[in-house]
Protein chains: 2
Amino acid sequence: MSKKSNLPQPTNAELEILQILWKAGPSTVRFVNEQLSEQQEKEIRYTTTLKLMQIMTEKKLLSRNTDTRTHVYLAEAVQGDTQKALLKKFVDATFQGSAMNLVMQALGNHETSQQELDEIKALIEKIEKG
Amino acid sequence: MSKKSNLPQPTNAELEILQILWKAGPSTVRFVNEQLSEQQEKEIRYTTTLKLMQIMTEKKLLSRNTDTRTHVYLAEAVQGDTQKALLKKFVDATFQGSAMNLVMQALGNHETSQQELDEIKALIEKIEKG
DNA sequence: AATGATATACGAAAAGTTTCGTAAATGCAA
DNA sequence: TTGCATTTACGAAACTTTTCGTATATCATT
């Protein structure tokens with residue numbers, strides 16, 4: 001059985017930082033700040049990123065190694081769990097809780113490749129059997 | 001060809017009001033306020049709802065008929081378009097733009113009935129043919 | 001017409017989120 | 001060791017969103 005994480009949901013700015021850490025692994029504030037600035041195509045002050053990551057550490061969304069002067073941050077929030085929680089909230093708010101409605105909308109409005117469709121079909125079969 | 005609506009995206013509180021209007025059709029502030037209070041299981045001040053709906057009218061998310069003293073509000077934002085826009089933003093922020101990832105997550109984590117699965121399969125077939 | 005209930009208008013407080021500036025500490029290089 | 005660059009700490013400004021209180025208008029009833 002999986003333990004409940006019970007972490008608070010990240011805000012938008014926090015989620016962006018999580019995405020970077022999920023992708024790159026443990027990183028310094030400077031690195032995260034550079035990634036962010038690159039993504040948004042505008043400079044973000046170093047201390048802005050620092051402050052956010054400190055807040056996130058307080059919330060336990062991140063942890064950090066302070067052995068060296070330059071702290072190294074690690075995502076404590078698990079990507080899958082976080083996505084799942086945010087998705088539920090989003091579905092409730094936007095599709096009145098119907099994941100079905102959302103899926104139809106998602107499939108209908110995005111370019112979906114044949115391979116992706118195959119994957120979905122495979123998943124459906126798995127669900128039908130299981 | 002469908003005209004671009006170009007409406008601002010609703011905030012969370014605004015979205016809740018839209019949901020009520022989409023479902024119930026043109027309504028008064030009082031009605032919307034009662035629905036909201038019921039949903040959240042706590043009283044929401046009448047003027048809070050009023051203020052929000054006035055702001056939304058200014059943003060063109062709603063329009064209103066002021067012929068009678070009690071104004072009647074109508075959702076101008078179209079449900080499908082709004083959901084689509086919010087979904088895109090959400091997918092970008094949470095699933096790095098991959099609707100596929102989201103669909104897999106949505107199907108995997110929710111109870112999905114056989115009928116719903118059939119609908120999805122039908123949709124996929126339609127996409128594959130079209 | 002006076003009273004009371006209910007409506008709108010609207011500024012501003014309250015709450016939440018994001019950004020920034022300054023101070024103090026630390027490490028490195030001359 | 002002195003000076004410079006970089007880091008962390010942290011309060012607070014700047015914004016956004018949500019909630020509320022007060023003033024005023026309107027309608028129905030008496």
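By convention in this document, chain letters (A, B, ...) are assigned in the order of the sequence lines, proteins followed by strands, and residues within each chain are numbered from 1.
- In this structure, the side chains of Val72(B) and Arg64(B) stay at 4.5 Å or more apart for every pair of heavy atoms.
- Nucleotides of DNA chain D that come within less than 4.0 Å of any heavy atom of chain A span, from the 5' end to the 3' end, dT6(D) to dA12(D).
- For Asp92(B), the side-chain hydrogen bond (donor to acceptor under 3.5 Å, both in side chains) criterion is met by Lys88(B), not counting sequence neighbours.
- For the side-chain contact (heavy atoms from CB on, under 4.5 Å) test with Thr70(A), the passing option among Asn65(A), Val29(A), Thr28(A) is Thr28(A); the others fail.
- Following chains of ILVMFWY side-chain contacts shorter than 4.5 Å, one can reach Leu15(B) starting from Ile44(B), so the two form part of one hydrophobic cluster.
- Residue Thr11(B) is classed as a sugar-phosphate contact, given heavy-atom separations below 4.0 Å to backbone atoms only.
- The stretch residues 19-39 of chain B has no heavy atom under 4.0 Å from DNA chain D, so no residue of it qualifies as close.
- In the hydrophobic clustering of this structure, Leu18(B) groups with Phe31(B); members are Ile, Leu, Val, Met, Phe, Trp, Tyr whose side-chain heavy atoms approach within less than 4.5 Å, directly or through other members.
- Closest of all the heavy-atom pairs between Leu52(B) and Ala13(B) is CD1-CB, 3.8 Å.
- Across all strands shown, Thr47(B) has heavy atoms under 4.0 Å from base atoms, whether or not it also approaches the sugar-phosphate.
- Judged by distance alone, the side chains of Asp118(B) and Gln114(B) do bring a donor and an acceptor atom under 3.5 Å apart.
- The pair Glu119(B)-Lys121(B) does not count as a salt bridge, with every side-chain nitrogen at least 4.0 angstrom from each carboxylate oxygen.
- Projected onto DNA chain C by closest heavy-atom contact, Glu14(A) and Arg45(A) fall at different nucleotides, the more 5' of which corresponds to Glu14(A).
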For Leu36(A) and Ile20(A), run side chain to side chain contact (heavy atoms under 4.5 Å, CB included): C-alpha distance rounded to whole Å, both residues' side-chain angles, the deciding distance at 0.1 Å, then the answer. CA-CA 8 Å; Leu36(A) 280 180; Ile20(A) 291 170; 3.7 Å; yes
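- A search for salt bridge (Lys or Arg N to Asp or Glu O under 4.0 Å) contacts involving Glu76(B) returns nothing, not counting sequence neighbours.
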Grab the N/O contacts between the protein and nucleotides 1-3 of chain C below 3.5 Å, and write none if there aren't any.
none

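- Listed by residue number, Lys51(A), Arg69(A) are the residues of residues 49-76 of chain A with a heavy-atom contact under 4.0 Å to DNA chain C.
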